[in-house]
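Some notes on the structure that comes next.
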Amino acid sequence: MIALFDSGVGGLSVFKELYQLAPYEDYIYYADNANCPYGEKSVEFIRERAGEIARILISEGADIIVVACNTATAAAIDYLREKFDIGFIGMEPAIKPAALSSESKVVGVLATAGTFRGRLYRQTSGKYAQDVTIIEKVGEGLVELVENGKTDYENAGDAVMKCVAPMTAMGADRIVLGCTHYPFLEDVIRKCAPGVSIINPAPAVARHTVEVLDSAGYRFKDGKTGDTGSLKLLSSGDNRILERMAGALYRAHK
Ligand code: DGL
């Protein structure tokens, strides 16, 4: 069973990619929406939550846990790997593909404050900072918009514009989505930053998860023996939005 967790519904953007690669698997998804957003929370708090969620997912039968949250990856991935005897896949800030493909050599990164503070992000951005100008913006209010299902231009346009206008003004031709909630705003971002390529790390993280499982000898279900696959949803708060968004992405194979 493949497990994923996030502060809320954002990690569904990773689930969506994984589900395309492995549609007959059993999945379990935990949204810590009672504590969402994680962006401004302390590292200690996020570690404690991540530990508790990992315990729940392992007791539910997880074979691997995808930390489908950049902020939780930044705060807790080392801690989780040390504490539990199971594989963890974290989110990677996709600065490398953005920096290498950028023609203007100006790259915008949209993430939470917690992700920008993390060691992984600082190391990756430091590596490319000589060749490209990196413009960092905290996506103020964007996670809340996604959690409330307000992902259309009408509702989210102003908040998104505030984040991306300074990037396009500086000539950015790539915007990295450094938070798993943001792919749900991709259409709005595209409208606010026309012509800019949006880089979403979720497909690469999903591919990596499948590779890691594969090389560990995990037997993927292929639907041939009547496996229909399943998705179990857990949350620490009201899970109506989780059920609605997951339902729109998921169809059990009959
Ligand atoms: N989706 C998360 C991330 O990737 C968490 C955002 C938040 O809760 O602030 O960073």
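What you see is a predicted model; the values in this text were computed from it and never measured. Each ligand, and each atom within it, is numbered from 1 in the order the structure gives. Computed over heavy atoms, backbone and side chain alike; hydrogens, waters and symmetry mates excluded.
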Could you go through ligand 1 and note, for every N or O atom, any protein N or O atom closer than 3.5 angstrom, writing the atom names and distance to 0.1 Å, or 'none'?
{"unit_1": "ligand 1", "atom_1": "1 (N)", "unit_2": "D6", "atom_2": "OD1", "d": "3.0"}
{"unit_1": "ligand 1", "atom_1": "1 (N)", "unit_2": "T180", "atom_2": "OG1", "d": "2.8"}
{"unit_1": "ligand 1", "atom_1": "1 (N)", "unit_2": "H181", "atom_2": "ND1", "d": "2.7"}
{"unit_1": "ligand 1", "atom_1": "4 (O)", "unit_2": "N70", "atom_2": "N", "d": "2.7"}
{"unit_1": "ligand 1", "atom_1": "4 (O)", "unit_2": "N70", "atom_2": "OD1", "d": "3.1"}
{"unit_1": "ligand 1", "atom_1": "4 (O)", "unit_2": "T180", "atom_2": "N", "d": "2.9"}
{"unit_1": "ligand 1", "atom_1": "4 (O)", "unit_2": "T180", "atom_2": "OG1", "d": "3.3"}
{"unit_1": "ligand 1", "atom_1": "8 (O)", "unit_2": "S7", "atom_2": "OG", "d": "2.6"}
{"unit_1": "ligand 1", "atom_1": "8 (O)", "unit_2": "Y38", "atom_2": "N", "d": "2.6"}
{"unit_1": "ligand 1", "atom_1": "9 (O)", "unit_2": "Y38", "atom_2": "N", "d": "3.2"}
{"unit_1": "ligand 1", "atom_1": "9 (O)", "unit_2": "G39", "atom_2": "N", "d": "2.8"}
{"unit_1": "ligand 1", "atom_1": "10 (O)", "unit_2": "T71", "atom_2": "N", "d": "3.1"}
{"unit_1": "ligand 1", "atom_1": "10 (O)", "unit_2": "T71", "atom_2": "OG1", "d": "2.5"}

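Across all non-hydrogen atoms, the minimal contact from F116 to L110 is CZ-C, 4.4 Å.
No more than 12 heavy atoms of other residues, nucleotides or ligands lie within 6.0 Å of CG in D158, so this atom counts as exposed by the packing criterion.
By the ring pair (Phe, Tyr, Trp, His ring centres under 6.0 Å) test, Y182 is found to be paired with no residue, residues two or more places apart in sequence or in another chain being considered.
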Notebook entry, point to check: What do the steps show when you test H181 against D6 for side chain to side chain contact (heavy atoms under 4.5 Å, CB included), and what is the final call?
Noted result: CA-CA 9 Å; H181 279 75; D6 178 41; 3.1 Å; yes
Under 3.5 Å, which donor-acceptor pairs link side chains of residues 123-135 to any protein atom two or more places apart or in another chain?
{"unit_1": "T124", "atom_1": "OG1", "unit_2": "L120", "atom_2": "O", "d": "2.5"}
{"unit_1": "S125", "atom_1": "OG", "unit_2": "Y121", "atom_2": "O", "d": "3.2"}
{"unit_1": "S125", "atom_1": "OG", "unit_2": "R122", "atom_2": "O", "d": "3.4"}

Under 3.5 Å, which donor-acceptor pairs link side chains of residues 165-174 to any protein atom two or more places apart or in another chain?
{"unit_1": "T168", "atom_1": "OG1", "unit_2": "V164", "atom_2": "O", "d": "3.3"}
{"unit_1": "T168", "atom_1": "OG1", "unit_2": "A165", "atom_2": "O", "d": "3.1"}
{"unit_1": "D173", "atom_1": "OD1", "unit_2": "S102", "atom_2": "OG", "d": "2.7"}
{"unit_1": "D173", "atom_1": "OD1", "unit_2": "S104", "atom_2": "OG", "d": "3.2"}
{"unit_1": "D173", "atom_1": "OD2", "unit_2": "E103", "atom_2": "N", "d": "2.8"}
{"unit_1": "D173", "atom_1": "OD2", "unit_2": "S104", "atom_2": "N", "d": "3.1"}
{"unit_1": "R174", "atom_1": "NE", "unit_2": "S101", "atom_2": "OG", "d": "2.9"}
{"unit_1": "R174", "atom_1": "NH2", "unit_2": "S101", "atom_2": "O", "d": "2.9"}

